[in-house]
Every structure is written in structure tokens, then in C-alpha cells.
Amino acid sequence: MITDIFTIVWKEIHEMLFQRGRFRGGWVGMLFFIAVFGIFMPLQSGRSWVESPLSLVYWSWIPFLLGSSIVADTIAGERERHTLETLLASRLSDRAILFGKIAAAITYGWGLTLVSILLGLATINLVFGKGELILYPLDIGAGILILSFLVATLAAGLGVLVSLRATSVRQAQQSFSIAFFVLFIPIFLVPVLPDEWKIRAIEILSRVNLRMVPVALAGLLILIDCLLIWIATARFKRAQLILD
Amino acid sequence: MNPIAIQTQSLTRDFKTVRAVDDLTLDVPAGKVFGSLGPTGSGKTTTIRLLLGLLEPTQGQAKVLGFDTRSEAARIRAQCGALLEHNGLYERLSAETNLEFYGRIWHIPSTERKNRIQELLTHLDLWERRKEITGNWSRGMKQKLAFARTLLHKPALVFLDEPTAGLDPLAAASLREDLSAMAKREGVTIFLTTHNLAEAEKLCDQVGVIRQGKLVAVGSPETLRGQGSIPRVRITGRNFSDRLLASLRSRSEVKDVGLDAGILTVELKQDGSLTPLVNLMVQEGAEIEEVNRMKASLEDVFLTLMEEEK
């Protein structure tokens, strides 16, 4: 099954690179992103691009934004372009197709993030290093790698799940946006909470060990990712996909 | 090799209140081209989906290449190729990459895959254009490429769902020739659906006529033509007088008589004999040059079978 998953990833990456039927189309978007996050932003931020703990926050969410731009296209796109039934009529198993789609979205979202991180490190060292090697602190570096992977998986799982039942890419993108919005409802609710609730929350947060936040977040993400993949696996029914 | 490629027993599939496939019992011999002939909406595509194990039957069972469609669908799909209602090509990718992808799906080793892609594309006159994005191709070229994809892994059985639908007559004829040549060359069993009678007549060794999900006739095109044969005679000659026509119409074995542009057409009843009629015509002064028994075309048979529905 691993070979089959790689085959699906191989095809998906080819399609991403050849967006709009041109080799240039897919590459331009990717290179633009890499240039912004690997060169421009590090030059603007200086050493803090690497040394600030805030880097953990933005690098964790970038794979979600990247993944979300392509993941809705995976199954809904195949359905819209009438390639899904032929794929389902092949020897590939349901799981190989599903995990291949998820793996492709992770490869794209996480892969681009890693390339940008490495390029950013190179930029910082070349411009601000002055002979000294600047690296992410070990805990932040490990946090970035783990959280960005888990967030890329979150985008992939959520995207494939909404893409399974969507009749078109547009519908999948709309559903994905709604799902994304639902994830952030707790943040939007903060301003309308009663004052005593807010005070109580601040008291609790002030007692929290901030170093444990990424660990807790990683735990929560692992739970959500597993749940999403489990639901997607359960809902991936060949006959249903054809009749949809 | 199993001599029967497809065997169905009372195969039935319902969609809510609609019965798409109704009690289909059928044997398709291996190595033959079988045509499932029927109008749009007669259940042909559903039959293919059932045979590939993409849908489960409501009742009955089917075996494809000896495997049960319910419990061994994955093994069936591993040994079959399918060109379905839509060609299923990735239009952002080149022809070569499309085949490369499906070659990888079927685990064809790299060198063999490359050779096979070259072989198929060369035979279908597409090799020179292999690097082109297929989205820019004509429908006919896309269908040819999709056909190449179905043969890529040398399947034992190929399903073709209306392969020439939507093609212009030239492209359709070209694809039909390729289908026929490649089927013979590869020695593959083909299950083909079509509503094109000429296509069925040209390509198929056996034809099953489907009406509202039911198999109403099956046999070789020749046999079917024989079953539906209308005993009609075309007589060329001179001196076909009104009196002669009246005499012919009065005969018990004659169903109908028509004269058009000097050609006399006599429709006989099923057991009607021709010899006494020819004698009568000669006696009445007709000069007969040629007498032809007319054969029913597959279209006549098909229309008769469809007419029975009404």
C-alpha cells in the first residue's frame, strides 16, 4: 500500500506543478511563497526571525494556509473533472487513494514550509550571521517541526473530509472555509465573554507553564488529526463516491 | 484460462424506486468482443459498475474472470481495464504522464512501463504528441489515449462504456478501427456498451440487447439478424402491372406489396414461399431480372425489440 500511496502523491504533486496546464503556473506560486517566507520576511525581521519564540506560532499555521489552498481540490476536483470513477475502477484500494490524497496535501503544505524554513535560516546566516551560526533554539525548532507537521495533517484531513462529499471544488472550498471558521469560534467568542470569566481565564493562564502550551497543543492536534482521518476512512465508500 | 470471462445470474440493481438492471443472466466467453446494446438509460453503465464491483447488486450475483463481484472486487479490478463514461484523463498532465501514472498504479516495472507506453502510443499514432498536455487534445485523441490506458497493464478483460460517444464520424471510425485491431492484437476480452448499431455490428462477436435493464436478446449479430429477419423480397424487372400487384396482394402468403421506381417489394408472411409467386409474376407477363431476399439489419432487429416495449 505504501507504493500506491507514493503513486498518488506523485500524481498529485505533478498536477500541482502543472496547475492551469502550464509548468510555470504551479511553480510561480510556490516560488513566490518561498521567496516571501524564505528571503523577504527574514531580511525584514533580522535575527528575531529565528530566535523569537513567536516563530513557533507563525510556522505552525503556515502549513494550514498552504494545505488549504490545494486540499479541497483532491477528491472534489477529481469528481468535477470526471477522473474519480476511473481511479476508483483501478486496482488501488480505498485506503491507498485516501491516504495518498492526505499525504499529498501534507507533502505540499509541510514540504513548502520546511523549504522556506531552511531558506530563511540560510538568509539569516548569510546576512546577519557574521561568522556565527544562527539556529533555532532546540525546543523551538523541534516544536516548529512537530506542530507544523500536525497542522499540515489537520488541513489535509479536514480538506479531504469535506472534499469527499462535495460535488465541486468550489463547494469543497466553501465547506473548508466554514470548518476553518468553526475551529476559530472560541477565539471570536473571547470579547463577548462576561468580564469575570475573562479574569478567571487570565488567572488560570497565568499559572500555566508556557513551555507546556506547545506540548498540550501537539497532543490536542494529534487527537483531532486521528479523529479526522478515522472519519474520512469511514466515509470513503467507493460506491457512494460514484453515486455522488 | 476460464472459458467464461463474465457470468451473471439474475443480476439486479435498484436505485430507490428505479430498477436499473433487471434479472440479468448472461455468459460472456473469454477472448470475444461482447456488445451490450441498448438505448440511453437502459442500464448499460450500471451493469459495468456492477461487474467491476464498484456497486453492489441488490439481488443476484456475478463472476468476472472467476471472481465474485461482491467479495473479490479488488481482484477483478486488478485484472481488468476500464474506459468508462468519461475518459478519466488528467487534462493538466501530458499524455505520457497520464500513462506513467496508471503504469505505476499497476506496478509495471519502470523499463517495461516505458516500452509499453511507447508501444501503445506508437500503435495509436500518438507517440509524437506524448509530451503535450491532453487538455488541448481533440475528443478523438483523448479517447484513443484513454483506450491505451485501459490496455497498459495487459488486462484479461476490458470494459468500454460507449467509447465512440460524442465523437465525429471520422474520429469514431478511426477509434473503432483501432479498437478492433488492438483487441485482436492483444487477445483481450472486451465488454463494450453502445447504442450505436453499426459499431456493435462491426466490432462485436456477440451482442446482448438491453431494454429497461432487461436482457431481451443475445447472440452474434448474424444470429440476431436471422431472428429478426423480415421475409421481404426485392424484385427488379419490367411490366409490373396493376393487375399483377392485385394478384400478388390476393395471395394468402403475401403480407404486403409495394412498387417504387420500378422495384417491386414483396413482404411475405413468416411461412410464405417465394417460388409460386415468381411463377405467377412470369405468367402475368412480368420480365424479372433479379430477385433478392432482403436481410434484416441489426437496426431492424433492435428497433423491433425496442418496439415490443411499447
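Each chain gets a letter, A, B and so on, in the order the sequences are listed, and its residues count up from 1.
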Bottom line for B:F159: the part with an atom under 4.5 Å from chain A's heavy atoms is neither

>> Would you say that B:Y90 contacts A:L87 through its side chain, given a criterion of any heavy-atom pair below 4.5 Å between the two side chains?
In response: yes

Distance col, row B:R49:CZ vs A:L88:CG, nearest 0.5 angstrom, shows 10.0 Å

Heavy atoms of A:D4 and B:I105 approach each other most closely as OD1-O, 4.2 Å

Okay, B:N98 and chain A: the region with an atom under 4.5 Å from a heavy atom over there is neither

Under a 4.5 Å heavy-atom criterion, the part of residues 8-18 of chain B in contact with chain A comprises B:R13, B:F15

Taking every heavy atom of B:L52 against every heavy atom of A:A89, the minimum-distance pair comes out as CD1-CB, 4.1 Å

Ordered numerically, the heavy-atom neighbours of chain A under 4.5 Å found in residues 138-156 of chain B are B:R149

Nearest heavy-atom contact between A:A239 and B:L55 is CB-CD2, 4.0 Å

Assert top hit (heavy-atom pairs under 4.5 Å, partner chain A, pool B:I48, B:L84, B:N136, B:L83) equals B:L84

For residues 71-94 of chain A, the ring-ring contact (aromatic ring centres under 6.0 Å, His included) pairs (sequence neighbours left out) are A:H82-B:H86

Exercise for the section: Give a yes or no on this: more than 12 heavy atoms of other residues, nucleotides or ligands lie within 6.0 Å of atom CZ of A:R95. Expected result: no

Could you check whether atom OH of A:Y58 has more than 12 heavy atoms from other residues, nucleotides or ligands sitting under 6.0 Å from it?
yes

For A:F6, I'd like to know if atom CZ has over 12 heavy atoms of other residues, nucleotides or ligands within 6.0 Å. no

Between the OG1 atom in A:T86 and the CG atom in B:N87, the distance rounded to the nearest 0.5 Å is 7.5 Å

Note, B:T97 side chain near A:W10 side chain (heavy atom, < 4.5 Å)
yes

By residue number, those in residues 72-81 of chain B with heavy atoms under 4.5 Å from heavy atoms of chain A are B:R77, B:A78

Under 4.5 Å to a heavy atom of chain A? For B:L89 that would be backbone

Task: Heavy-atom neighbours of A:W61 CH2 exceed 12 at 6.0 Å - done: yes

NZ of A:K11 to CZ of B:R92, rounded to nearest 0.5 Å, is 8.5 Å

